[in-house]
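Read the structure below first, then the notes.
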Amino acid sequence: QVQLVESGGGLVQAGGSLKLSCVASVRTFSRYAMAWFRQAPGKEREFVATISWNGGSTNIAESVKGRFTISRDNAKDTVFLQMNSLKPEDTAVYYCAADPLNRNSQYGVRYNYWGQGTQVTVSS
């Protein structure tokens, strides 16, 4: 069983930055594609970013491209989401997800494991 624990969320002013972390409790972390999704109140879950097993391939949603960066440290079983130039519309619960088939997909159904989420609130 894979457990994912996110951290790093909080309250930040517009234009500020946050770095989210997600630690996985699995020995084969380096084999998984990892992703970040988010869900704002009253809205559907939205793809944010994904990264392949070795970090060689990433995919960033258009809504955050140029502001958010996804990275991973396989030695620490951790995936990161660096968020810069935050906007109020980035306010959401952010979830990390793991795909053991390494499909690097933007579709949530492709991910078998999910964390509990971390709240990000951007004030105007």
Applying side chain to side chain contact (heavy atoms under 4.5 Å, CB included) between Trp53 and each of Asn104, Asn102, Asp99, report the one that passes. Asn102
When you look at Tyr95 and Leu20, which way does the side-chain contact (heavy atoms from CB on, under 4.5 Å) test go after all the steps? CA-CA 10 Å; Tyr95 300 90; Leu20 305 184; over 6 Å; no
Minimal heavy-atom distance between Val79 and Phe29, with the atoms involved, is N-CZ, 4.2 Å
Flag yes if more than 12 heavy atoms outside Gln119 fall under 6.0 Å of its CD atom; otherwise flag no. yes
Pairwise side-chain contact, Met83 with Val12, heavy-atom cut-off 4.5 Å (strictly under): no
Rounded to the nearest 0.5 angstrom, the NZ-CZ distance for Lys19 and Phe80 is 5.0 Å
More than 12 non-hydrogen atoms from neighbouring residues, nucleotides or ligands closer than 6.0 Å to CZ on Arg45, yes or no? yes
To the nearest 0.5 Å, atom CH2 of Trp114 lies from atom CD of Glu6 at 10.0 Å
Between Glu89 and Ser63, does the side-chain contact (heavy atoms from CB on, under 4.5 Å) criterion hold? Intermediate values first, please. CA-CA 10 Å; Glu89 51 263 44; Ser63 60; over 6 Å; no
Any chance you could measure Ile51, atom CD1, to Cys96, atom SG, to the nearest 0.5 Å? 12.5 Å
Any Arg38 side-chain heavy atom under 4.5 Å of Val64 side chain: yes
Under 3.5 Å, is there a donor-acceptor pair linking the side chains of Ser71 and Asp73? no
Under 4.5 Å between any side-chain heavy atoms of Ile70 and Ile60, yes or no? yes
Within a 6.0 Å radius of atom NZ on Lys76, are there more than 12 heavy atoms belonging to other residues, nucleotides or ligands? no
Is any side-chain heavy atom of Tyr111 closer than 4.5 Å to one of Leu4? no
Trace of the side chain to side chain donor-acceptor pair (under 3.5 Å) decision for Asn59 with Ser57: CA-CA 7 Å; Asn59 186 16; Ser57 176; over 6 Å; no
For the residue pair Phe37 and Phe47, does the interplanar ring angle fall in the parallel (under 30°), tilted (30 to 60°) or perpendicular (over 60°) class? perpendicular
